[in-house]
Amino acid sequence: GRRHGLPRRLPGQRGGTGKPLMRRAVALVGIGKIALDQHVPALSSSSCLHLAATVSRSGTVGGVPAFTSLDTMFAAHPEVEVVSLCLPPVPRFAAAEAALRAGRHVMLEKPPGATLAEVQALQALAALRGLTLYATWHSRMARGVAAAKAWLAGRVVTGARIDWREDVRRWHPGQDWVFEPGGMGVFDPGINALSILTEILPAPVHLQSAVLEVPANRQTPIAAELQFSGGVSAGFDWRQVGPQVWDIVVDTADGARMALRMGGKVLEVDGLPVAGAADIMGEYPALYAAMAGLVAAGWSEVDLSPMVHVADAMTLGRRKVVAAFHF
Ligand code: NAP
């Protein structure tokens with residue numbers, strides 16, 4: 001039906017101020033860096049969804065009703081159908097469970113939880129209640145990823161190398177939670193690379209060994225080197241100053257080399273750029289469009305495969321203590 005078609009504007013509505021009809025109401029929870037950088041702009045450009053309320057202890061969004069608890073938000077905004085959670089992974093589970101119990105569809109930032117089993121518990125709860133649970137992987141929506149997957153389909157992969165090296169002080173300024181248990185350390189960005197890898201490879205791989213470099217004063221790795229089956233390896237490092245590197249290079253049996261650079265935004269084959277679809281959406285608008293589609297269809301999407309690799313690295317990895325880290 002029309003429910004998720006392009007919204008109509010009422011005569012006399014001014015662009016950006018009037019709410020188009022039929023957009024589902026969304027509450028955004030955990031108003032911090034990613035909520036403000038990406039979720040708020042993506043929602044304001046959405047034709048299917050609109051931001052109706054926020055829940056955060058101190059964060060707010062101008063012009064949007066703000067609450068500090070989910071319960072008071074639900075009481076004031078019964079029309080909210082979708083709850084999008086931008087909290088760090090450890091506090092996210094309780095909020096996700098409460099939203100599902102309150103009969104709302106739930107969208108999870110990556111990584112979808114602090115543990116695999118808690119995400120499976122959310123999956124079971126959503127299924128029981130007939131609600132949508134969407135575990136998002138924003139990097140899978142990067143411009144080159146679908147084309148890379150299509151290019152690799154039917155090819156035999158002989159090896160792959162991931163290099164994901166960025167400056168934690170630049171991308172996570174002062175965010176101590178990333179170095180606390182459940183914060184995942186360098187796997188917080190590294191899982192983005194693994195979300196692309198698991199999306200594009202024609203056959204799955206599994207971890208065989210790992211070295212985790214953990215600062216002497218912290219709980220989670222600041223760097224990791226991973227060896228997978230099938231000649232696939234990955235290096236993650238949060239101490240990179242200067243040019244930032246988010247590359248995945250894949251070799252195939254027909255002698256060709258495919259590279260995804262800039263976190264999946266640029267696709268190259270044998271060193272030459274492959275033109276992507278010009279009209280493709282940004283990563284977060286694409287996530288919200290996908291969420292609207294899942295809710296309309298009554299489906300869930302939860303792929304834990306990127307997080308399985310992280311859990312395996314934490315299980316199997318050899319721990320190496322390195323210099324203390326201070327922001
Ligand atoms: P953040 O800014 O540190 O935290 C988001 C908000 O969550 C905070 O502003 C805080 O709001 C609330 N919060 C933090 N700790 C909490 C706790 N213990 N209990 C309850 N609420 C808490 O984090 P972020 O960078 O936005 O990242 C959030 C999630 O998005 C992570 O899973 C991350 O992997 C993902 N993500 C981040 C980025 C990025 O560039 N930073 C990119 C993509 C995805 P109040 O104090 O107002 O409650």
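In each ligand, atom 1 is the first atom listed, and ligand 1 is the first ligand listed. By convention here, the first residue in the shown sequence is residue 1.
With respect to the salt-bridge test (charged N to carboxylate O, under 4.0 angstrom), the residues Glu97 and Arg101 qualify. Electrostatic pairing of Asp270 and Arg257 does not count as a salt bridge here, judged by no charged N lying under 4.0 Å from a carboxylate O. The pair Lys110-Asp188 meets the salt-bridge criterion, with a side-chain N (NZ, NE, NH1 or NH2) lying under 4.0 Å from an Asp/Glu carboxylate O.
The protein atom (non-hydrogen) at minimum distance from atom 21 (N) of ligand 1 is Leu87 CD2, 3.4 Å. In terms of protein heavy-atom proximity, atom 11 (O) of ligand 1 is closest to Ser56 OG, 3.2 Å. Among all protein heavy atoms, the one lying closest to atom 38 (C) of ligand 1 is Ile34 CD1, 3.5 Å.
Considering all non-hydrogen atoms of both residues, Arg161 and Ser233 come closest at NH1-OG, 2.9 Å. Taking both residues in full, the closest heavy atoms of His309 and Leu194 are given as CB-CD1, 3.9 Å, listed atom of the first, atom of the second, then distance.
With distances taken over non-hydrogen atoms, the option nearest atom 32 (O) of ligand 1 out of Lys110, Glu180, His138 is Lys110.
Close approach of ligand 1 to Gly59 (heavy-atom distance below 4.0 Å) involves ligand atoms 47 (O). Less than 4.0 angstrom separates some heavy atom of Asp188 from each of these atoms of ligand 1: 33 (C), 34 (O). Short contacts between ligand 1 and Ser58, defined as distances under 4.0 Å to a heavy atom of the residue, involve ligand atoms 45 (P), 46 (O), 47 (O). When each atom of ligand 1 is checked for a heavy atom of Pro111 under 4.0 Å away, the hits are 32 (O), 34 (O). Contact atoms of ligand 1 toward Lys33: 2 (O), 25 (O), 26 (O), 40 (O), 41 (N) (distance under 4.0 Å to a heavy atom of the residue). Contact atoms of ligand 1 toward Gln175: 1 (P), 2 (O), 3 (O), 23 (O), 24 (P), 25 (O) (distance under 4.0 Å to a heavy atom of the residue). Those atoms of ligand 1 with a heavy atom of Pro89 less than 4.0 angstrom away are 32 (O). Less than 4.0 angstrom separates some heavy atom of Cys86 from each of these atoms of ligand 1: 5 (C), 28 (C), 29 (C).
Arg261 places a side-chain heavy atom less than 4.5 Å from the side chain of Glu268.
Residue contacts with ligand 1 for Ile31 involve N, CA, C or O but no side-chain atom from C-beta outward (heavy atoms, distance under 4.0 Å).
The backbone N or O of Trp299 lies less than 3.5 Å from a partner atom in the side chain of Thr132, making a donor-acceptor pair.
The salt bridge (Lys or Arg N to Asp or Glu O under 4.0 Å) test applied to Arg319 returns no partner, not counting sequence neighbours. Trp171 is linked by a ring-ring contact (aromatic ring centres under 6.0 Å, His included) to Trp246, counting only residues two or more places apart in sequence or in another chain.
Within the structure, ligand 1 has Tyr284 among the residues with a heavy atom less than 4.0 angstrom away. Note on ligand 1: Arg92 sits in its first shell, one or more heavy atoms being nearer than 4.0 Å. Ligand 1 has no atom lying under 4.0 Å from any heavy atom of Ala95.
When the options Val106, Thr136, Val82 are evaluated for a side-chain contact (heavy atoms from CB on, under 4.5 Å) with Met291, the one that passes is Val82.
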